[in-house]
Amino acid sequence: MVEPVEPGMDVEAPVLVTGGTGTLGRAVVRGLLARGRAVRVLSRRPRPVGGREPYQWATGDLATGEGADAAVTGAGVIVHCATTLGRGDVAATRNLAEAAHRGGSRPHLVYISIVGVDRVPLPYYRAKLAAERVVVESGLPWSILRATQFHDLIARITDAQRLSPVALALAGVCFQPVAAQEVAERLAALATGEPAGRVPDMGGPRVRDHAELTRATLGARGRHRPVLPLRLPGAVFRGYRAGGHLAPDRAVGRITYEEYLAGTVR
Ligand SMILES: NC(=O)c1ccc[n+]([C@@H]2O[C@H](COP(=O)([O-])OP(=O)(O)OC[C@H]3O[C@@H](n4cnc5c(N)ncnc54)[C@H](OP(=O)(O)O)[C@@H]3O)[C@@H](O)[C@H]2O)c1
């Protein structure tokens with residue numbers, strides 16, 4: 001269901017942002033509004049009571065496809081940020097692309113993926129790779145950006161262990177965290193440009209050892225405890241240790257992890 005248009009709200013060929021309520025999607029919405037674009041957010045939930053943000057709201061579930069037809073109606077561009085955090089991303093992306101086809105307006109489909117989805121055999125990454133293929137083969141004009149891990153994901157790994165007397169880190173694994181807002185800026189720029197296909201990857205400013213990032217998180221939170229590097233077996237962690245998820249030659253993000261931490265309190 002797409003909510004009715006408020007008087008004065010510009011909804012001409014809106015940019016549909018799936019996952020517009022998530023970490024990245026919220027920042028994409030801000031970036032698009034700052035560029036003067038009409039925006040429609042797709043969420044499984046109705047708009048929060050009292051919410052009066054200057055964009056349209058569509059309720060739907062990409063896992064089932066329910067509400068997708070209405071959500072894509074008239075959209076000139078779709079920025080697909082929604083994720084089920086698993087295998088469901090393939091069906092969700094297919095449901096979205098099929099709805100876009102039925103809508104007949106051939107919107108530009110912009111998809112956010114992850115650096116190394118073709119190198120680290122994590123089931124979620126395999127799903128993202130398959131979802132990329134759905135986008136490429138959709139017959140719609142498309143752009144795909146792969147980014148490294150967002151700052152908040154790295155912080156959450158440590159925050160999730162707040163009750164533990166030690167903080168575990170992945171031994172031999174580095175991350176190159178990037179600010180979600182910088183990735184969102186890039187997506188907003190892609191969404192307002194011509195379809196670009198697979199664009200250069202986007203990584204954070206520095207590749208850093210996970211133990212070092214964990215210490216930085218603990219320090220910023222004022223929690224003092226030992227960091228225990230843990231070497232995990234299996235192909236997934238071998239892939240991480242080999243740096244398959246890093247893009248050192250695409251260290252284009254500027255906001256450092258410490259700058260991110262300084263702006264968050266938990
Ligand atoms: N986090 C990272 O480090 C990272 C790095 C690179 C790329 N990415 C990619 O960036 C994207 C956004 O990540 P994020 O961390 O911002 O995600 P997030 O905060 O977990 O948000 C997920 C979003 O997906 C929506 N969603 C979930 N299931 C849905 C469904 N069945 N139908 C419709 N919407 C659904 C949620 O909306 P509602 O709950 O409102 O329905 C929510 O807005 C993902 O594609 C992810 O793979 C993430």
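Counting starts at 1 for both ligands and their atoms, following the listed order.
With a heavy-atom cut-off of 4.0 Å, L62 touches ligand 1 through backbone and side chain alike. With a 4.0 Å cut-off on non-hydrogen atoms, S113 touches ligand 1 through its backbone and not its side chain. No part of D152 comes within 4.0 Å of ligand 1, judged by heavy-atom distances.
Taking 4.5 Å as the limit, every side-chain heavy atom of H80 sits out of range of all side-chain heavy atoms of L42. Residues W57 and T21 are in side-chain contact: their nearest non-hydrogen atoms beyond the backbone lie under 4.5 Å apart. Using a 4.5 Å heavy-atom cutoff, the side chains of L170 and F175 are in contact.
With V110 as the partner, the side chain to side chain contact (heavy atoms under 4.5 Å, CB included) test is satisfied by one option alone out of L145, T192, L190, V28: L190.
The A63 neighbourhood of ligand 1 comprises atoms 31 (N), with distances under 4.0 Å to a heavy atom of that residue. Less than 4.0 angstrom separates some heavy atom of I114 from each of these atoms of ligand 1: 6 (C), 7 (C), 47 (O). Listed by number with element, the atoms of ligand 1 under 4.0 angstrom from any heavy atom of T148 are 5 (C), 6 (C). The atoms of ligand 1 that sit less than 4.0 Å from any heavy atom of S43 are 38 (P), 40 (O), 41 (O). In summary, the atoms of ligand 1 found under 4.0 Å from a heavy atom of A147, numbered by their order in the structure, are 6 (C). Within the listing of ligand 1, atoms 3 (O) sit less than 4.0 angstrom from a heavy atom of Q149. Close contacts of ligand 1 with L153, meaning ligand atoms under 4.0 Å from a residue heavy atom, involve 3 (O).
Of all protein heavy atoms, the one closest to atom 23 (C) of ligand 1 is G19 CA, 3.7 Å. Scanning all protein heavy atoms for the shortest distance to atom 34 (N) of ligand 1 gives A82 CB, 3.6 Å. Counting only heavy atoms of the protein, atom 45 (O) of ligand 1 lies nearest to K128 NZ, 2.6 Å. Distance from atom 43 (O) of ligand 1 to its nearest protein heavy atom, with residue and atom name: T21 OG1, 2.7 Å. Closest to atom 21 (O) of ligand 1, if we only count protein heavy atoms, is G22 CA, 3.4 Å. The nearest protein atom to atom 39 (O) of ligand 1, hydrogens excluded, is given as R44 NH2, 2.8 Å; this is a heavy-atom distance. Shortest contact from atom 12 (C) of ligand 1 to any protein heavy atom: C81 O, 3.2 Å. For atom 31 (N) of ligand 1, the nearest protein heavy atom (residue, atom name, distance) is D61 OD1, 2.7 Å.
Taking a cutoff of 4.0 Å between a charged side-chain nitrogen and a carboxylate oxygen, E137 and R94 do not qualify as a salt bridge. Between R198 and E132 no salt bridge is recorded (no basic side-chain N to carboxylate O distance below 4.0 Å).
By the 6.0 Å contact criterion, CZ on R35 is enclosed, its count of non-hydrogen atoms from other residues, nucleotides or ligands being greater than 12.
Minimum interatomic distance between A247 and D201 (heavy atoms only, all atoms of both residues): CB-CB, 4.3 Å. Across L24 and A180, no two heavy atoms sit closer than the pair CD1-O, 3.5 Å. Looking at every heavy atom in both residues, V41 comes nearest to L16 through C-CD1, 4.4 Å.
Of the candidates T83, L24, D89, T23, the one placing a heavy atom closest to atom 24 (O) of ligand 1 is T83. Comparing F175, Y124, F150 by heavy-atom distance to atom 46 (C) of ligand 1, the nearest is Y124.
Not close to ligand 1: A92, with no non-hydrogen atom less than 4.0 angstrom away.
In terms of modelled atom types and a separation under 3.5 Å, the side chain of S105 and the main chain of A75 share a donor-acceptor contact.
Interatomic distance, I112 CD1 to T83 OG1, rounded to the nearest 0.5 Å: 11.0 Å. How far CG of D61 is from CD of E66: 6.5 Å, rounded to the nearest 0.5 Å.
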